[in-house]
Amino acid sequence: MKIATFNINGIKARLGALLEWLDEARPDVALLQEIKSVDAAFPRQDIEDRGYEVALHGQKSFNGVAILSRFPLEDIQRGLPGDDGDDHARWIEATVVGKARALRLCGLYLPNGNPAPGPKFDYKLAWMERLRVRAQELLAAEQPALLGGDFNVIPQDEDAARPDAWRKDALARPESRAAFRRIVNLGYTDAFRARHPEPGQYTFWDYQAGARRRNDGIRIDHMLLTPQAADLLRDTGIDAHLRDREKPSDHVPLWVDLDLDG
DNA sequence: ATGACTACGCCACGTAGA
């Protein structure tokens, strides 16, 4: 089962690019971030026509996450537990039922956190602590599960073309990296890094200053697997070529292929 | 480099992104 994550930076601006990618990459599941749309305005029919079930957690103008799936989704939950006052649409989870096994999917859009320090950075770190608690619960279940999405964290220096330029940024500050490590160190596998140790592999390039042309990118979209999911990992990759098309998102899709058939 | 670019919405220019 091919499972992808893609920060589309606005469904209204990206519908054509999204449909084109679905038709050619044919992911079984797509976790979307930054749909920037309320549920009622989401072009559900265009996606259902391609054989996908659509689960939404939208918001006006900003944020918003979704799960698209060719396999049935069960037990859909919206919102990351731990703060009833948090009204940002940044978390959706569901169980996808494959031919032989089920997988718990968590789609997330982690707060950017800039400027740092400041209240937005405090919100980011608090959100990551809530994520750690949920991640620990998922591990305790000892089942295949996946945390996928835009983490807005550059885990290590090799995940940026110019690490020094990000040193004081909320995406790479020591506090952000430590919070990310605390989650991974619970027992998760960073699927892409496990299979691609080479540098220069990114999922985001700024729109400005020819960043894509110069491969001045960062790796901030991630798929973290529980041990039971990591044992099913067949392959993983980044669809970087989408960044070179007309009207691209500033992020590109990251995917994993998990053997849920046997 | 206080720059650049893109999406969004009170449709004009401020907010947010990363």
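A, B, ... follow the sequence lines: proteins, then strands. Residue 1 opens every chain. Only heavy atoms go into these numbers, but all of them, side chains included; no hydrogens, no water, no symmetry mates.
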Colleague: Mind checking the C1' distance from dA1(B) to dG14(B)? Whole angstroms is fine.
Modeller: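 So the two C1' atoms sit 23 Å from each other.
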
Colleague: Calculate the interatomic distance between Ile35(A) atom CD1 and dC8(B) atom P; express it in whole Å.
Modeller: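 After rounding, the reported distance stands at 11 Å.
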
Colleague: Among residues at least two apart in sequence or on other chains, which ones pass side chain to side chain donor-acceptor pair (under 3.5 Å) with Gln59(A)?
Modeller: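 Applying side chain to side chain donor-acceptor pair (under 3.5 Å) to Gln59(A) gives Asn63(A).
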
Colleague: Using the closest heavy atom to pick a nucleotide of DNA chain B for each, name whichever of Ala13(A) or Phe204(A) lands nearer the 5' end.
Modeller: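 Counting from the 5' end, the first nearest nucleotide belongs to Ala13(A).
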
Colleague: Return the set of residues passing salt bridge (charged side-chain N to carboxylate O under 4.0 Å, His left out) with Arg90(A) (not counting sequence neighbours), or none when no residue passes.
Modeller: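 Here no residue qualifies.
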
Colleague: Quick one: list whatever passes salt bridge (charged side-chain N to carboxylate O under 4.0 Å, His left out) with Arg70(A), sequence neighbours left out.
Modeller: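 In terms of salt bridge (charged side-chain N to carboxylate O under 4.0 Å, His left out), with neighbours along the sequence ignored, Arg70(A) is linked to no residue.
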
Colleague: Within this structure, what is the CZ-to-C1' distance between Arg14(A) and dC8(B), rounded to whole angstrom?
Modeller: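 Value for this atom pair: 12 Å.
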
Colleague: Check the distance between dC5(B)'s P and Arg213(A)'s CZ and give it to me in whole angstrom.
Modeller: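 Nearest whole value for this atom pair: 11 Å.
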
Colleague: Under 3.5 Å, which donor-acceptor pairs link side chains of residues 41-48 of chain A to any protein atom two or more places apart or in another chain?
Modeller:
residue	atom	partner	partner atom	Å
Arg44(A)	NH1	Glu48(A)	OE2	3.4
Arg44(A)	NH1	Val54(A)	O	3.2
Gln45(A)	NE2	Asp49(A)	OD1	2.8

Colleague: Considering residues at least two apart in sequence or located in another chain, which fulfil the ring-ring contact (aromatic ring centres under 6.0 Å, His included) criterion with Tyr202(A)?
Modeller: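 Partners of Tyr202(A) by the ring-ring contact (aromatic ring centres under 6.0 Å, His included) criterion come out as none, since no residue qualifies.
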
Colleague: Take the protein atom CD1 of Ile8(A) and the nucleotide atom P of dA7(B), then report the distance between them rounded to whole Å.
Modeller: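 Going from Ile8(A) (CD1) to dA7(B) (P), I get 12 Å.
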
Colleague: Report the distance from atom OH of Tyr123(A) to atom P of dA18(B), rounded to the nearest whole Å.
Modeller: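 From Tyr123(A) OH to dA18(B) P: 13 Å.
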
Colleague: Is the closest basic N to carboxylate O distance between Arg78(A) and Asp39(A) below 4.0 Å?
Modeller: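 Salt bridge: no.
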
Colleague: Select from Ala209(A) and Leu110(A) the residue whose nearest nucleotide in DNA chain B is closer to the 5' end of that strand.
Modeller: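 The residue mapped nearer the 5' terminus is Ala209(A).
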
Colleague: Please report the distance, rounded to the nearest Å, between CD in Glu246(A) and C1' in dC5(B).
Modeller: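 To the nearest whole Å, that distance equals 15 Å.
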
Colleague: For nucleotides 10-17 of chain B, print each protein N/O atom paired with a nucleotide N/O atom at under 3.5 Å, atom names and distance only.
Modeller:
none

